[in-house]
There are 2 protein chains.
Amino acid sequence: MSEKASTQEKIIESATELFLEKGFHRTSVREIASRAKINISLMNYYFRSKEMLFETIINLLIGDPSSSLKTILDSDLELNEKIKQYICRYIDMLISNPLLVSFVLAVLNHSPDKITKLKVTDSLYTTEKFANQLNAESSKGNIRKTDPEQFYLNMLSLIAFPFAIKSLINEKNAYNGIEFSKFIELRKEIIYNTLISSLKP
Amino acid sequence: MSEKASTQEKIIESATELFLEKGFHRTSVREIASRAKINISLMNYYFRSKEMLFETIINLLIGDPSSSLKTILDSDLELNEKIKQYICRYIDMLISNPLLVSFVLAVLNHSPDKITKLKVTDSLYTTEKFANQLNAESSKGNIRKTDPEQFYLNMLSLIAFPFAIKSLINEKNAYNGIEFSKFIELRKEIIYNTLISSLKP
DNA sequence: ATTTGTTTAAAACAAATGTTTAAAACAAAT
DNA sequence: ATTTGTTTTAAACATTTGTTTTAAACAAAT
């Protein structure tokens, strides 16, 4: 925890850690206050309610990464290169925050509106320009006829799902955090190859 | 709800529905009792605690499907056919219980031990015989050199992840439950083709 | 020095939680 | 008919929950 952090920042820092680890309902406001070393009532003073604090943190956690990734998808990169970079950046992002996938899935599961009604919704799961690119390449005969929706879902699944079952993978292979990251690093190329060969005419 | 169901069965039925929909912490024992139309204390009478009831239900929900799928993986089917059947049966199972993925991921996330220490653990995520088969085919030059661990993870990701983000997919494409199922049905062949082309030497 | 607006603290609040108790209702057996 | 063991009920239990209240501490401005 940073030293000169304001009360507000301390609350966000602690709450973010706890919400990522344990989710909304398993985290109590007293635990947040205790970790942030502030009085309980300050949470309500700065964020009105636990719920609003949670929504603030959702935006912080999802907003930045997803819009950064959207940039790649919407760029003018050549298809193969775009896919390669997207996989790479996405995985790097998740390695640096391995709890993010489970967090998003948890929220998505018990209060989907919190995510779908988000300003950043379409950053999270939209493919318009990318879809056009796939269709174009398909028309030109460069790649197999491909449903962009399904292809993007394949890509997302291959990238994100392993993080959702991290503990299962670690348990089975007796991995620690670092070994897991190495295992995931290997997937960059594997996922790329898998997707590219699925596109070959 | 069945008519002649015993109290114990009524509790399990109601609790299963609620745990699947809302998870452990968002479900109260009073809600379970109310839906099952029984007295609150009967829950403790039959299952000692909410926690033990939850574990009972985890076993019921995960046990059967996963061991059934394990059978396919451990069979003597030829590789391509085995993959095809595995995808098909897995997806059929998830279509008939679309909340299962999110449920397992939620449990896996906040109390991994509940799953990894399960009797059915290895049914959930083990690949020994399948791995040997892949290695054998690889040695014979029939398929590309492939890490079985990564390949199985690919397969699992492609199959299961879409169910974890069901609400996102539905929201984006304005799907209802049936349209989602159709979308997923299409994936059987797509996933098969994707995986098979990734194996081609 | 006093007033002002802001931030922090301690205590209390009402509501909800999982669980236990103690007695009643019930069915089966003697 | 009475005892026995099982099942069900209503009430209370002790904690914990998120939130609010009230007042104190603080800093800045007049």
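Letters A, B, ... are given to chains in the order of the sequence lines, protein chains preceding strands, and every chain is numbered from 1. Just so it is clear, the model here is predicted, and its values are computed rather than measured.
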Peer 1: Go through DNA chain D in 5' to 3' direction and return only the first and the last nucleotide with some atom under 4.0 Å of chain A's heavy atoms.
Peer 2: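 Endpoints of the contacted stretch of DNA chain D: D/dT17 to D/dT21.
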Peer 1: What pairs with A/K166 under side-chain contact (heavy atoms from CB on, under 4.5 Å), at least two apart in sequence or on another chain?
Peer 2: A/P98, A/N170, A/F180
Peer 1: Residues from residues 39-50 of chain A sitting under 4.0 Å of DNA chain C, heavy atoms only?
Peer 2: A/N39, A/S41, A/L42, A/Y45, A/Y46
Peer 1: Who passes side-chain contact (heavy atoms from CB on, under 4.5 Å) against B/D76, sequence neighbours left out?
Peer 2: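 side-chain contact (heavy atoms from CB on, under 4.5 Å) list for B/D76, sorted by chain: B/K129.
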Peer 1: Heavy-atom nearest nucleotide on DNA chain C for B/V29 versus A/T7: which residue maps closer to 5'?
Peer 2: A/T7
Peer 1: List for me each residue that meets ring pair (Phe, Tyr, Trp, His ring centres under 6.0 Å) alongside A/F19, sequence neighbours excluded, and say none if there are none.
Peer 2: A/F24, A/F54
Peer 1: Figure out the CD/P separation between B/E31 and C/dT17, and round it to whole Å.
Peer 2: 8 Å
Peer 1: What is the distance, to the nearest angstrom, from the CZ atom on B/R30 to the C1' atom on C/dG18?
Peer 2: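 Those two atoms, CZ and C1', are 7 Å apart.
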Peer 1: Which heavy atom in B/L134 sits nearest to a heavy atom in B/I143, and how many Å separate them?
Peer 2: O-CD1, 3.6 Å
Peer 1: Looking at residues at least two apart in the chain, or sitting in another chain, which of them share a salt bridge (Lys or Arg N to Asp or Glu O under 4.0 Å) with A/E81?
Peer 2: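 A/E81 satisfies salt bridge (Lys or Arg N to Asp or Glu O under 4.0 Å) with no other residue.
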Peer 1: Report the residues that fulfil side-chain contact (heavy atoms from CB on, under 4.5 Å) with A/E189, sequence neighbours left out, ordered by chain and then residue number.
Peer 2: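 A/E189 satisfies side-chain contact (heavy atoms from CB on, under 4.5 Å) with A/N193 only.
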Peer 1: If we fit an axis to the first five pairs and another to the last five of the helix from C/dA1-D/dT30 to C/dT30-D/dA1, what angle do they make, to the nearest 10°?
Peer 2: 20°
Peer 1: Applying salt bridge (Lys or Arg N to Asp or Glu O under 4.0 Å), can you list everything that pairs with B/K172, at least two apart in sequence or on another chain?
Peer 2: A/E149
Peer 1: What salt bridge (charged side-chain N to carboxylate O under 4.0 Å, His left out) pairs are there with at least one residue in residues 83-104 of chain A, not counting sequence neighbours?
Peer 2: A/D92-A/K188
Peer 1: I need the NZ-P distance between A/K37 and C/dT8, as an integer number of Å.
Peer 2: 16 Å
Peer 1: Using the test salt bridge (Lys or Arg N to Asp or Glu O under 4.0 Å), find all partners of A/E21 that sit at least two apart in sequence or belong to another chain.
Peer 2: none
Peer 1: Can you list everything that forms a ring pair (Phe, Tyr, Trp, His ring centres under 6.0 Å) with A/F130? Sequence neighbours excluded, please.
Peer 2: none
